[in-house]
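Take a look at the structure set out below.
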Amino acid sequence: MEGGNILEEVRLRFAPSPTGYLHIGGLRTALYNYLFAKHNNGKMILRIEDTDRTRFVEGAIENLIESLRWAGIKYDEGVFVEDGKIVQRGDHGPYIQSERLDIYKKYVDELIEKGDAYYCFCSKERLDKVREEQKIKGLIPKYDGFCRSLSLEEARERIANGEEYVVRLKLPPNRDIKFEDIIRGPITINTNDIDDQVLLKSDGYPTYHMAVVVDDHLMGITHIVRGEEWLPSTPKHVYLYEVLGWEKPIYVHLPTVLNKDRKKLSKRHGDVSVEDFRRKGYLPEGLINYLALVGWSPEDNEEIFTMEELIEKFSFDRVSKTGGIFDIEKLNWVNGHHIRRYDLDKLTNLCIPYLKEAGFVDDKFVEESFDWIKKMVETVQESLSNLSEIAEKVDIFFNNKVKPENEEALAMLKEEHVPSILKAFREELEQVEEIDEEFAKGIMRKIQKSTGVKGKKLFMPTRIALTGNSHGPELVSIIYLLGKENIISRLDYVEENYL
RNA sequence: GGCCCCAUGGUCAAGCGGUUAAGACACCGCCCUUUCACGGCGGUAACCCGGGUUCGAGUCCCGGUGGGGUCACCA
């Protein structure tokens, strides 16, 4: 179990904190981890970093996992949900950090033994005070090393007396720590610019810095792919690998996904959780495809990809260094592509919840008229950029009290030749029991013949009489989907109210 | 403020010493469609600034400027 780096296969991990929902930026990090792992026939691990008990949110783990599942990120190892229960699978567990406390303790003790870490008894109050004073003097807020030279004997005595303590990393002064980032190249940071980081908190939990290093090593992680906000603390990790005598992994710091104002994507500017996008009717295929493109570009000029294609094409040397703005317009365009290529049955099933929510259909209707709904979805499929738009696109099919959308539309209905069109329409309808596709295709031609009206003067008023709108799906589809009864009802209503 | 990272059209981005500086989204035209959408064609629009290096810099180096990140017993 020790020394995971003898493993030859590529092993990557996504390690979120269960503090809420999966963030769009987090999804992209998970995606890049996944794409790289799968591209190299490696493994991807999901680890839960819950060392901050104060921020733990009930249900967050389940939520995170559900979002990943929905997005199609099929990790191999770690934490899963089965039958509503959290389970763990893999040979390097546990994969939930709060279940690994004794492991961290062991390495913290080792560091103390070797003099690479020390006990610190400074109170929060003292620390705050020190920082405040430093700020006033214009200095960098940093731990002042008050407990750094405490003897081990004295420290142990104080602990035995029940004093609260933390363990801090003992960084050597003025030393350049160097490491290589796959995306950014060589990076050097001097230890004078970093704090003696707390490794073990007073509640016995490790901090992120201790836990990542121990876990990534023990779990045999070969590549650490994470957001660039971690870049400044990487030297602490590098130093830990060094004093622990472990081989450090390969670092890959991803550019940030930004808001329109070039700040890190945040809730203030709209939706940021994967769940939000799911609810709005984005397909996992669309979201994933778009997200892959924020920060990475393929060699060719293609832009529409399936997950499989992304896996095949992905590489870190085509990931950019610059943060990219999350552009909802482009997401819409990408998502629209995926909607258009979606299987119609699947798409229909995905649309039904939105139709129910709008009050257009209920369970009974869905059961009896699935094919009709499917046909309706098909007529608007190409115009959708996300599923929630379905309601506004098809509302014309569900209300026989036709209302012209504006003055212009009303004016077109009031033109003097319109009554003759509607009359001809009725006459044609009387010829059949019910409208079939054949009939729907031919009716306008017949009306044209009998009334002598053609072109826009024929089609526009008919469209408006039937839907109230001057634009929408093909008239043939509208006529077919509406059916005889609805059409007659609409003609009645229009004649009574607008002519 | 210290440290770190970054810098090509409004946005995503290609480019890796010699190009008329790709492509996509958005926008604007035109075509297709007797509407809309889809699709097709075309157009507007970019190398942050200043020094070097070089026969030659968007591309390499240095310095500015700008933006972002980070400086917790949060991750």
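Convention: sequence-line order gives letters A, B, ...; per-chain numbering from 1. This is a predicted model, so every value here is computed, not measured.
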Is A:Gln448 touching bases, backbone alone, or none of the nucleic acid, heavy atoms closer than 4.0 Å? base
Kindly say whether A:Asp261 contributes a backbone atom to a donor-acceptor pair with the side chain of A:Asn259 at under 3.5 angstrom? no
How is A:Arg262 classified with respect to the nucleic acid when contacts are heavy atoms under 4.0 Å: base, sugar-phosphate, or nothing? sugar-phosphate
Could you tell me if the ring centre of A:Tyr32 sits under 6.0 Å from that of A:Trp296? no
Ranges pairing with ranges for RNA chain B, where each run has three or more Watson-Crick or G-U pairs under 3.5 Å: B:1-7 with B:65-71, B:10-12 with B:23-25, B:27-31 with B:39-43, B:48-52 with B:60-64
Write down the distance separating the P atoms in B:C30 and B:C36, rounded off to the nearest Å. 12 Å
Measuring only the C1' atom in each nucleotide, how far is B:A14 from B:U34? A whole number of Å is fine. 42 Å
Determine the interatomic distance between C1' on B:A21 and the same-named atom on B:C28; round to the nearest Å. 23 Å
NA contact type, A:Arg463, heavy-atom cut-off 4.0 Å: base, sugar-phosphate, or nothing? base
Looking for any heavy atom pair under 4.0 Å, which part of the strands does A:Asn301 touch: base, sugar-phosphate only, or nothing? base
Quick check, are the ring centers of A:Tyr282 and A:Tyr290 under 6.0 angstrom apart? no
If you assign A:Lys142 and A:Glu382 each to the RNA chain B nucleotide with the nearest heavy atom, which residue ends up on the more 5' nucleotide? A:Glu382
Atom C1', compared across B:C73 and B:G58: separation rounded to whole Å: 47 Å
Which part of the nucleic acid, if any, lies within contact of A:Ser470, taking any heavy atom under 4.0 Å across all strands shown: a base, the sugar-phosphate backbone alone, or nothing? base
Residue-level proximity of residues 230-241 of chain A to RNA chain B when a heavy atom falls under 4.0 Å: A:Trp230, A:Leu231, A:Pro232
Please work out if A:Glu474 contacts a base, only the sugar-phosphate, or nothing of the nucleic acid, heavy-atom cut-off 4.0 Å. base
Just grab all the side chain to side chain donor-acceptor pair (under 3.5 Å) pairs involving residues 313-324 of chain A, residues at least two apart or on different chains. A:Asp300-A:Lys313, A:Ser315-A:Asp317
Rounded to whole angstrom, note down the C1' distance from B:A26 over to B:A45. 12 Å
Scan A:Arg445 against the nucleic acid and name what it touches under 4.0 Å (heavy atoms): base, sugar-phosphate only, or nothing. nothing
What contact category does A:Arg168 fall into here, base, sugar-phosphate, or nothing, at under 4.0 angstrom with non-hydrogen atoms? sugar-phosphate
Does any donor atom in the side chain of A:Thr234 or A:Arg226 lie under 3.5 Å from an acceptor atom in the other side chain? yes
Nearest-angstrom distance, P atom, B:G17 to B:G52: 22 Å
So, the side chain of A:Asn192 versus the backbone of A:Asn174: is there a donor-acceptor pair under 3.5 Å, distance only? yes
Base, sugar-phosphate, or nothing for A:Pro473, non-hydrogen atoms under 4.0 angstrom? base
Salt bridge or not for A:Arg47 and A:Asp216, using N-O below 4.0 Å? yes
Considering every strand and a 4.0 Å limit on heavy-atom distances, what is the contact class for A:Lys456: base, sugar-phosphate, or nothing? base
For the pair A:Gln381 (side chain) and A:Ile339 (backbone), establish whether a donor and an acceptor sit closer than 3.5 Å, ignoring hydrogens and angles. yes
Within residues 189-208 of chain A or reaching into it, pairs that qualify as ring-ring contact (aromatic ring centres under 6.0 Å, His included) - sequence neighbours excluded: A:Tyr208-A:Trp230, A:Tyr208-A:His237
When rounded to the nearest Å, what value does the distance between P atoms of B:C3 and B:U19 take? 39 Å
With sequence neighbours left out, which residue pairs that include part of residues 174-186 of chain A fulfil the salt bridge (charged side-chain N to carboxylate O under 4.0 Å, His left out) condition? A:Arg175-A:Glu242, A:Arg184-A:Glu228
Flag the pair A:Asp116 and A:Arg168 as a salt bridge only when some basic side-chain nitrogen lies within less than 4.0 angstrom of an acidic carboxylate oxygen. no
C1' atom, B:C47 versus B:G39: distance in rounded Å? 33 Å
Which is true for A:Thr54 with a 4.0 Å heavy-atom rule: it touches a base, it touches only sugar-phosphate, or it touches nothing? nothing
Using a heavy-atom cut-off of under 4.0 Å over every strand shown, decide if A:Gly472 touches base, sugar-phosphate, or nothing. base
Just the endpoints, please: which first and last nucleotides of RNA chain B, 5' to 3', lie under 4.0 Å from a heavy atom of chain A? B:G1 to B:A75
So what does A:Gly295 hit on the nucleic acid, given a heavy-atom distance under 4.0 Å: a base, only sugar-phosphate, or nothing? sugar-phosphate
So what does A:Val294 touch, heavy atoms closer than 4.0 Å: a base, only the sugar-phosphate, or nothing? sugar-phosphate
N-O pairing of A:Lys457 and A:Glu415 below 4.0 Å: yes
Comparing nearest nucleotides in RNA chain B, the 5'-proximal residue of the pair A:Met460, A:Val319 is A:Val319
Spell out, as yes or no, whether a donor-acceptor pair under 3.5 Å connects the side chain of A:Thr29 to the backbone of A:Gly25. yes
